[in-house]
Amino acid sequence: MKNTIGLYGLGVMGASLAKNMLNKGERVALYNYTDDLTTQFMEQFPHEHADPYTDLSSFVQSLEKPRKIFLMVTAGDVTTSVIDSLFPLLDEGDIIMDGGNANFIDSNERYQTLREHGIHFIGVGVSGGEEGALHGPSLMPSGDKAAYAKVSPILEKIAAQVNGEPCCTYIGKEGAGHYVKMVHNGIEYADMQLITETYQFLRYVVHLSPDEIANIFEAWNETELNSYLLKITTHILRHKDEETGKPIVDIIMDRAGQKGTGKWTSMNALDLGIPSTTISEAVFVRFLSALKKERMIAKDVLQGPIKEEIQQKETAIQHAKEALLFGRVIVYTQGFMQYKVASETYGWDLQLDHIAKVFRGGCIIQSDLLHPIRDAYRKNPALTNLLLDDYFKCLANDHQASMRAFLMDGIASGVSLPTYSAAMAFYDGYRAERSGAELIQAQRDYFGAHTYERVDREGVFHTKW
Ligand code: 6PG
């Protein structure tokens, strides 16, 4: 019997996905560029339907037609060379799925190039890390709809399930799936940063210990703030370093790494003209954190405020809780603004309720908030902005005062709250009747005769200043 799917790339994510497929009844051909990982896989997970290969041609020939090959290899040049090596071995109608964190522009190109040769390319955004890949990731596939129909039974089966629905749906044409995954990661950056700023506030303004903060986060996670990222943060804050017995967060170097998807999201926001300020700020904060040496000099020479103790600790904690919900709503608002404009710009017809549906389980940003987001876009697919939906309008109105109090306490204490600050500024800017751009326009006209529009009649005007 032929294999139903081939898995190319048996690193941590690929091996977990292969196990997931085997557990769901697929006959999986396995291949890795180097044989060691294939051998290791078979030793760790000997399964009657796992079929390892050391020769690429035999791997391909072992697959039923149309062949379905899932790539789980490093994004970029490695993916290109893997596709190049597979290409001569494939027949018309075969399907390549790329589960890496590919740049959507590369996926657009791969989709077009392979299409010209009758090969289908499906870019699959995959989220959920090792655990998700093994037990059910969130999947964001895109490409030809007819080709997707041939792989959907497998993808929807291995995806996370929420209320009986798979966290996998057809996203759109070309590289739309990788685009959706890219912005998912931008949202991930911003939500991680909000949680981190909340931690900083509770630790250095309210003076709570990591264990106490873990207890607070755990309680919050029983509310509408429930999310995977908040849950893992409680585990992290309770974790002690084995060598020193200290909280592990006090031992880890405070310099954030990044692989680039947050930066891509911000660059794309700039290209499309979307004010995704919280996401960009979360990227910039990682850059700032990397300036550790400079920060160590600055801390001794640059003054902060004279610190005053927070009097009402319980109130401050309540404000922080409401600020986190408010901030998270703004992050999602900006991410979904980006989806809306990208859909129009690239002609993808993205269904925003489907995106929210796919994010409800399996992925890193899964949270209870995705349910009302899905409802909002299901009720009104043409919704102008999430903040204008009834549910989110009320939520924002109810929480904005707490957000301000939280920010004022944090800033007065000299703690850096960049992503929260960006969220607040966006909110106030979005609801402003006069944005201030009238003065920008006047300045542009003054020094460069760039002209301006008037509020009282149509046309283009210039003043002799
Ligand atoms: C996911 C994650 C995953 C990866 C990030 C990390 O959805 O499963 O987003 O894709 O962990 O790319 O990104 P950084 O290394 O840039 O923080």
Side-chain angles (χ1 to χ4, degrees), residues 9 11-17 20 70-76 78-79 97-104 106-107 123-142 155 158-160 162 167-169 171 175-196 227-233 235-236 252-269 276 278-290 331-332 335 338-339 355-367 370 419:
V12 175
M13 289 293 286
S16 299
L17 272 176
N20 185 347
F70 200 102
L71 309 184
M72 210 60 219
V73 298
T74 312
V78 174
T79 304
M97 290 165 273
D98 173 18
N101 260 335
N103 189 309
F104 77 98
D106 290 343
S107 298
V124 190
V126 178
S127 177
E130 186 181 355
E131 276 299 297
L134 183 60
H135 300 296
S138 170
L139 297 176
M140 299 143 237
S142 65
L155 295 187
I158 64 165
V162 173
C167 294
C168 170
T169 198
I171 296 291
H178 279 136
Y179 183 89
V180 167
K181 174 62 184 15
M182 177 189 79
V183 178
H184 161 285
N185 280 25
I187 294 171
E188 170 187 303
Y189 273 51
D191 197 20
M192 287 167 74
Q193 183 59 30
L194 285 180
I195 293 171
T196 297
S227 75
Y228 169 78
L229 281 170
L230 197 57
K231 182 179 88 181
I232 65 163
T233 307
H235 298 170
I236 292 165
I252 296 174
M253 176 60 76
D254 54 338
R255 270 196 303 243
Q258 53 189 312
K259 295 201 203 75
T261 43
K263 186 179 89 176
W264 292 347
T265 310
S266 300
M267 287 164 62
N268 176 261
S276 294
T278 55
I279 295 172
S280 305
E281 199 52 61
V283 177
F284 288 137
V285 177
R286 291 196 188 189
F287 295 154
L288 186 58
S289 79
V331 169
Y332 276 109
Q338 201 159 331
Y339 286 138
I355 295 174
K357 175 190 136 177
V358 163
F359 287 169
R360 291 176 311 155
C363 66
I364 304 296
I365 65 168
Q366 61 186 279
S367 75
L370 266 324
T419 307

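For the single chain, residues carry numbers from 1 onward in sequence order. All values below come from the heavy atoms of this structure, side chains included, with hydrogens, waters and symmetry mates left out. When a ligand or atom number is given, it counts from 1 through the structure's own listing order.
Nearest protein neighbour of atom 4 (C) of ligand 1, counting heavy atoms only, is N101 ND2, 4.3 Å. Residue, atom and distance of the protein heavy atom nearest to atom 2 (C) of ligand 1 are E188 OE1, 3.4 Å. In terms of protein heavy-atom proximity, atom 8 (O) of ligand 1 is closest to G128 N, 3.0 Å. Looking from atom 7 (O) of ligand 1 to the surrounding protein, the closest heavy atom is S127 OG, 2.5 Å. Among all non-hydrogen protein atoms, the one lying nearest atom 16 (O) of ligand 1 is Y189 OH, 2.5 Å.
A 4.5 Å side-chain heavy-atom check between M97 and L155 finds at least one atom pair inside the cut-off. Contact annotation: the side chain of N268 approaches that of F104 to within less than 4.5 Å [non-hydrogen atoms, C-beta and beyond]. Residues V124 and C168 have side chains not in contact (no heavy-atom distance under 4.5 Å, counting atoms from C-beta outward).
Formation of a donor-acceptor pair under 3.5 Å by the H178 side chain with backbone atoms of D98 is found in this model.
To the nearest 0.5 Å, atom CZ of residue R286 and atom CD of residue E281 are 13.0 Å apart. Here CG of D191 is found 10.0 Å from OG1 of T419. Values are rounded to the nearest 0.5 Å. Distance OG1/T265 to CE/M182: 4.5 Å, rounded to 0.5 Å.
Distances between N or O atoms of G129 and those of ligand 1 include at least one value under 3.5 Å.
At a heavy-atom cutoff of 4.0 Å, ligand 1 is contacted by the side chain of R286 but not by its backbone.
Using a 4.0 Å cut-off to heavy atoms of N185, the atoms of ligand 1 that qualify are 5 (C), 7 (O), 9 (O), 10 (O), 12 (O). Listed by atom number, the atoms of ligand 1 under 4.0 Å from H184 heavy atoms are 7 (O). Close approach of ligand 1 to I364 is summarised as follows: ligand atoms under 4.0 Å from at least one heavy atom of the residue are 1 (C), 2 (C), 7 (O), 8 (O).
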